[in-house]
Amino acid sequence: MRVLVAEDDIVSKRVLEATLMKLGFEVIGVSDGAAALKILLAPNAPKLAIVDWMMPEMDGVEVCRRIREYPSPEPTYIILLTAKADKSSICMGLDSGADDYLSKPFDREELRARLQVGRRMVELQRSLADRVLALEESLAQVKQLQGLLPICSYCKKIRDDQNYWQQVESYIAARSDAKFSHGICPGCYHTEVVPQLLAAGMPKEKLAALANHYECGT
Amino acid sequence: VMGEVMKANSKSDAEIIIEPEEPMLAIFDRELALDQMGGDSQLLDEIAEMFLKDSAEYMQNLLDAAHNGDARDIGRAAHTLKGALGYLGARRAQEAAQILEEMAQTDPENPGLWHAQECVVEAVHELLPLITEFVGLPSSEAIDVDRFALTPVGKVGAR
C-alpha cells in the first residue's frame, strides 16, 4: 500500500520513510504541506498519509482541512504527526479532519499499530465504495425496466423505443441479466397443446400420461 | 548553564527561577537512538551523518529567528531541532529545545528566551563531538557551534 509522508525535517522524514519501507509500505515523500495537498488531491492519490503538523507553506492541520473540503467515497486516512501532546492540540488536530495522531519522536510499534488501523479503514472504505458502485450499476439496470411498457393484450409482445414489437422474453433479456428457459404451463397445455396433439392423432392414454406429467409440474 | 531548566514566569531577569533538573539527561543515548531506529544500526549511522551535515542549518535557523526577534520562528526552529534530536537519543539537547519551543510559544515576551536558546546551543555543542565520533569522523569535522552562541540581543519579544 502507498503512503504519503509530509515532513519538512530531513532527519525525521528519513527515519519515517525507512520505518515505513520496512513495514512494507511504498513511500511517497514530500517536504511541505502544499506539495502534500497537491498529491492527495490528484487522481490515484495514496489513501494513507502521515502529515507533520508544523511545516512550511502549509501546516498539517490546514492540509487536513483542505482535504476534507473534497468529499470522496474513498477518503484519505490521515495520521497527524505532532510533538504537541496537550489535549487541546490533539482535539484541534482531529477536528481539522485528521483520523489519528502520532507523537514525535514516534514509537515504531505504535506507528505500526496505527498504520494497521489506517490500512483496515482504507480497505473497508474501498470495499464499501466497490459495493456502492455495484449497487448503483444494478440500480441503473433495474431502472431500464421501470416505467410504462406498451404490451399487446393478445400476444404479449412489447413495443420498444424504435416502435418494434418484441417478444417479451427478448425485450427483457436485452435490458437485464435475466435469462429465459422455455416450457409450457398447465393452462396452455390444455388449451393449446392437447387440441393440436389430438388433431395429430395421439392416443388419449398417452395424452393422459403427458397431462399427468405437466400437472405434477415436472 | 546546561542541566538547568529555566522556568521564567515574569518579564524581569531578576525573577527568573532556575530549577536544577534531575536526573541529568544523557547527551547522547546510543541505546535509545538505536531503539528509535528499530535496532537498525545502519539507519542510525545514516541519520547521525545526516544530522551532522544539517546541524549548521538547524542552528542557523535558530540564530536567524532570534536575530529577527520572531518568537514564532524561534519556536518553529526549536521544534524542528527537537524532532531530529529526539531520534538521535540526544535527550539533553532535546529537552533544551523543548523548553525553548514552549517558552517561545507560550511566553514570547520573556527576556529569558535568549538564555533558553543559549542552553540549546550549549547542548548541541556538547552533542556534536559525540556524534562526530560515533560516525567515525575526526573531531575537526565537527561544526563550530560557538558561532551560533547568542548575546542577549533583547530583540526577542521586543517587537
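Note that this is a predicted model, so its numbers are computed, not measured. Every chain is numbered from 1 and lettered A, B, ... according to where its sequence line falls, protein lines coming before strand lines.
Only the side chain of Glu101(B) comes within contact range of chain A, judged by heavy atoms closer than 4.5 Å. Only the side chain of Glu46(B) comes within contact range of chain A, judged by heavy atoms closer than 4.5 Å. Of the atoms belonging to Asp107(A), not a single heavy atom falls under 4.5 Å from chain B.
Smallest separation of non-hydrogen atoms from Met37(B) and Val15(A): CE-CG2, 3.8 Å. Closest approach of Gly83(B) to Ser12(A), counting heavy atoms only: C-OG, 4.0 Å.
Proximity of Ile47(B) to Arg14(A): side-chain heavy atoms (C-beta onward) are separated by under 4.5 Å at one or more points. With a 4.5 Å cut-off on side-chain heavy atoms, Pro105(A) and Lys82(B) do not count as touching.
Within a 6.0 Å sphere centred on CD of Gln42(B), other residues, nucleotides and ligands contribute 12 heavy atoms or fewer. By the 6.0 Å contact criterion, CZ on Arg2(A) is enclosed, its count of non-hydrogen atoms from other residues, nucleotides or ligands being greater than 12. Heavy atoms of other residues, nucleotides or ligands lying less than 6.0 angstrom from CZ of Arg91(B) number 12 at most. More than 12 heavy-atom neighbours from other residues, nucleotides or ligands sit within 6.0 angstrom of CZ on Phe28(B). Residue-environment remark: NZ (Lys22(A)) exceeds the threshold of 12 foreign heavy atoms within 6.0 Å.
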For a side-chain contact (heavy atoms from CB on, under 4.5 Å) check, start with the C-alpha distance between Ile10(A) and Phe51(B), then their side-chain angles and the critical distance, and finish with the verdict. CA-CA 9 Å; Ile10(A) 188 168; Phe51(B) 178 77; over 6 Å; no
Apply side-chain contact (heavy atoms from CB on, under 4.5 Å) to Lys104(A) and Tyr87(B), showing your working. CA-CA 9 Å; Lys104(A) 283 203 318 188; Tyr87(B) 290 114; 4.3 Å; yes
Can Thr80(B) and Met54(A) be said to form a side-chain contact (heavy atoms from CB on, under 4.5 Å), step by step? CA-CA 8 Å; Thr80(B) 305; Met54(A) 290 181 80; over 6 Å; no
The test is side-chain contact (heavy atoms from CB on, under 4.5 Å); show your working for Met55(A) and Arg76(B) and say whether it passes. CA-CA 9 Å; Met55(A) 285 188 291; Arg76(B) 190 173 288 139; over 6 Å; no
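Note that CG of Asp9(A) and CG of Asp54(B) are 8.0 Å apart. Values are rounded to the nearest 0.5 Å. A distance of 8.5 Å separates OG1 in Thr19(A) from CG in Asp40(B), rounded to the nearest 0.5 Å. Put simply, CH2 on Trp53(A) and NE2 on His79(B) are 10.0 Å apart, with the number rounded to the nearest 0.5 Å.
Ionic pairing of Asp35(B) and Arg108(A) is not present here: no N-O contact between side-chain nitrogen and carboxylate oxygen is shorter than 4.0 angstrom.
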